[in-house]
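Residue numbers begin at 1 in each chain, while the letters A, B, ... track the order of the sequences.
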Amino acid sequence: MALQRGLESEVVRIVECCRTLNQAKQVHAHIYRNNLEQCSYVITKLLRFVTSLTQVPLHSYPRLLFAQVHNPNPFLWTAFIRAYALRGPLSQALRLFCSMRKRRISPVSFTFSALFSASGAARDTLLGAQLHAQTLLLGGFDSDIYVNNAMIDMYVKCGFMRCARKVFDEMPERDVVSWTELIVAYARRGDMKAAQDLFDGLHVKDMVAWTAMVTGYAQNAMPKDAVEVFRRLLDEGVEIDEVTLVGVISACAQLGASVYAKWIRDIAESSGFGPGSSVLVGSALIDMYSKCGNVEEAYNVFKGMRERNVFSYSSMIVGFAIHGRVHAAIKLFYDMLETEVKPNHVTFVGVLTACTHAGLVDLGQQLFATMEKCYGVAPTAELYACMADLLGRAGYLEKVIRLVETMPMKPDGAVWGALLGASYVHGNPDVAEIASKHLFELEPDNLGNYLLLSNTYASVGRWDDVSRVRKCIREKNLKKDPGWSWVEAKNGMIHKFAAGDLKHPQINEIKKELNELLERLKGIGYIPNLSSVLYDVNDDEKKLLLMAHSEKLALAFGLLSTDAGSTIKIMKNLRICKDCHIVMCGASRLTGRKIVVRDNTRFHHFLNGACSCRNFW
DNA sequence: ATAGGGTTAG
């Protein structure tokens with residue numbers, strides 16, 4: 001007996017060396033020669049290997065392996081069921097499970113965890129619940145930690161949070177995996193409060209649990225909290241890996257400040273996950289640098305990567321596009337086509353955005369038309385929105401309407417929003433009415449849409465319509481998002497300004513600097529652009545309101561607080577207005593400074609009186 | 001055996 005066991009484990013060790021199907025078949029012959037072909041243990045190992053080869057159909061050789069054992073034990077059954085559970089069809093996995101039950105063979109916990117995982121992946125709630133009932137009927141499984149964890153995962157994937165929570169609350173013993181599964185589930189639903197409460201109650205936090213919190217905050221647009229959690233994780237001496245880094249890098253990208261960028265880059269490099277060694281970290285850094293206004297450094301990271309994937313290319317293309325480096329974006333796209341890396345729909349979002357910013361309608365249309373046939377990328381709603389923006393901004397409003405009518409999915413807010421924006425730019429209230437009618441249904445509380453419609457009316461002097469829309473805004477009690485701007489001082493400190501904000505300690509100096517700048521600008525022909533004011537007030541009041549725009553305050557502070565010759569970096573939460581854009585152009589000429597403004601969608605690089613967007617935004 | 005993963009328009 002002992003001799004037999006020794007032989008079994010020796011053969012199993014040989015099985016574990018298999019790398020190809022042919023090798024597996026040779027080992028199988030060896031198994032025959034040693035009379036081990038009925039041994040479930042050995043065959044289970046071999047079956048696990050051959051079912052991991054995705055090119056081998058399960059009904060061919062694997063099925064033969066399984067069928068030749070007369071009395072397969074639960075582990076062999078499970079290995080075969082698991083293969084179908086993972087690779088499908090799920091119905092076949094169930095059929096096998098039923099035969100196993102008919103033969104009165106008891107499943108093991110692994111059998112259930114495989115089936116739960118498959119029903120979760122298939123979002124098959126009914127099946128999941130039936131299997132849950134089975135575990136209760138059979139008994140003994142309700143205390144099994146693997147089975148319970150798999151059940152939590154299944155309910156979470158199917159969207160049944162309360163069932164998942166009930167399993168969690170009632171299981172006699174939980175491990176860090178059970179906790180993390182729920183933390184992630186709450187974070188994905190946007191409930192960071194619940195996630196944080198659970199996390200606080202977890203006593204043995206490991207790297208994965210910490211990472212789930214960092215990523216959760218980053219994904220819910222709470223970058224400061226993400227960075228805060230990451231700092232605490234470092235303080236506690238928890239190990240980090242590339243997944244942890246990606247979460248916090250994404251948070252730093254949202255913060256958009258150079259100090260955070262430098263801080264996390266150093267940490268990434270010193271922990272051995274620099275862009276040279278990790279595609280994941282490298283791609284995240286590309287996105288971060290471009291969102292921090294440093295597209296050159298983004299490109300340096302890109303060039304320094306040993307391996308590049310679709311995320312690296314897409315992030316870089318999008319980066320070039322939002323910085324107005326249109327030709328760099330398009331060139332990189334064509335370079336990418338020469339590599340093994342296949343573009344996806346985000347790649348096309350990037351290259352189409354680049355076309356939009358340069359008004360390259362023909363190229364954009366051609367790419368959009370051939371995208372699916374040549375590159376296997378099916379058009380998504382986002383891509384239709386890009387096309388609506390491309391055509392609309394170039395003035396082809398009817399083409400956008402035709403595009404919307406023919407798109408295979410229901411047009412979303414982005415598509416109608418692009419059309420409304422284009423109607424405003426081209427002063428077409430009739431089309432603006434069509435777009436806003438849909439937008440008011442899809443996004444009833446989005447003030448921006450009402451303002452765009454109202455301003456489109458105003459631009460052609462339809463004042464009755466203007467007051468009608470304004471009345472509607474009042475009735476709905478919609479409030480304008482306060483405009484904020486941030487600017488980096490010399491030491492990397494971030495200073496925040498609201499429109500008309502007088503609370504800054506250096507406000508008097510700032511006002512003086514701004515007034516002087518505006519006077520000098522008037523000397524070279526600057527006239528305040530009163531149509532940038534969205535309020536119905538007299539011209540003097542409009543001039544005052546314009547002067548108080550947060551980006552102008554930020555600009556003045558930037559001029560005061562940074563060295564002559566250095567770049568001024570401003571971030572803002574709303575779209576930059578025409579008047580501020582004119583002022584930034586002029587200021588870059590008068591002061592010789594480079595000014596970079598990140599508004600809510602893209603970057604403007606002002607240098608020597610011109611903007612990288614060529615006044616087209 | 002089970003948990004954490006980056007790029008997206010107006």
Rounding to a whole Å, what distance do you find between [X]:[atom1] and [N]:[atom2]?
X      : N     : atom1 : atom2 : result
A:D412 : B:dT8 : CG    : P     : 16 Å
A:F230 : B:dG4 : CZ    : P     : 19 Å
A:F311 : B:dT8 : CZ    : C1'   : 11 Å
A:I152 : B:dT2 : CD1   : P     : 15 Å
A:M305 : B:dG6 : CE    : P     : 15 Å
A:I249 : B:dT7 : CD1   : C1'   : 13 Å
A:I183 : B:dG4 : CD1   : P     : 11 Å
A:H345 : B:dT8 : NE2   : P     : 11 Å

OP1, OP2 of [N] versus side-chain N and O of [X]: anything below 4.0 Å?
X      : N      : answer
A:R602 : B:dG10 : no
A:K291 : B:dG6  : no
A:Q219 : B:dG6  : yes
A:R188 : B:dG5  : yes

Problem set entry | Electrostatic pair A:E236-A:K205, nearest N-O below 4.0 angstrom | no

Sugar-phosphate only, base, or nothing, as touched by [X] at under 4.0 Å among non-hydrogen atoms:
X      : result
A:E443 : base
A:L383 : nothing
A:R393 : sugar-phosphate
A:V415 : nothing
A:V243 : base
A:D206 : base
A:T244 : base
A:V346 : base
A:G448 : nothing
A:T215 : sugar-phosphate
A:D144 : nothing
A:S109 : base

Nucleotide nearest [X] (side chain, heavy atoms from C-beta), chosen from [options]:
X      : options              : value
A:A212 : B:dG10, B:dA1, B:dG4 : B:dG4
A:D287 : B:dG10, B:dT7, B:dA3 : B:dT7
A:D175 : B:dT7, B:dT2, B:dG10 : B:dT2
A:S113 : B:dT8, B:dA1, B:dA3  : B:dA1
A:K157 : B:dT2, B:dA3, B:dT7  : B:dA3
A:E382 : B:dG5, B:dT8, B:dT2  : B:dT8
A:D153 : B:dG6, B:dA3, B:dG10 : B:dA3
A:S314 : B:dT7, B:dG4, B:dT8  : B:dT7
A:Y146 : B:dA3, B:dT2, B:dT7  : B:dT2
A:R48  : B:dA1, B:dG6, B:dA3  : B:dA1

Exercise. Looking at residues at least two apart in the chain, or sitting in another chain, which of them share a salt bridge (charged side-chain N to carboxylate O under 4.0 Å, His left out) with A:R82?
Worked result: none

Exercise. In chain order, what residues pass the salt bridge (charged side-chain N to carboxylate O under 4.0 Å, His left out) check against A:E173, with sequence neighbours excluded?
Worked result: none

Exercise. Donor-acceptor pair under 3.5 Å: do we get one between A:D241's side chain and the base of B:dG4?
Worked result: yes

For this session: For residues A:Y313 and A:F302, establish whether the separation of their ring centroids is below 6.0 Å.
Result: yes

Exercise. Mind checking whether A:Y155 and A:F116 have ring centres under 6.0 Å apart?
Worked result: no

Problem set entry | A:K157 side chain reached by A:D153 side chain, heavy atoms, under 4.5 Å | yes

Seminar exercise, completed: Across all chains, not counting sequence neighbours, the side-chain contact (heavy atoms from CB on, under 4.5 Å) partners of A:R231 are A:V227, A:E228, A:Y260, A:W263

Problem set entry | Results of ring pair (Phe, Tyr, Trp, His ring centres under 6.0 Å) for A:F440 - residues two or more places apart only | A:Y450

Exercise. Taking only residues two or more places apart in sequence, or in another chain, which ones meet A:Y146 in a ring pair (Phe, Tyr, Trp, His ring centres under 6.0 Å)?
Worked result: none

Seminar exercise, completed: What residues 116-124 of chain A contributes to the DNA chain B interface at heavy-atom separation below 4.0 Å is none

Exercise. Should A:R325 and A:E296 be marked as a salt bridge (charged side-chain N to carboxylate O under 4.0 Å, His left out) after you check the CA-CA gap, both sets of side-chain angles, and the distance that decides it?
Worked result: CA-CA 11 Å; A:R325 302 269 291 266; A:E296 282 76 26; 3.2 Å; yes

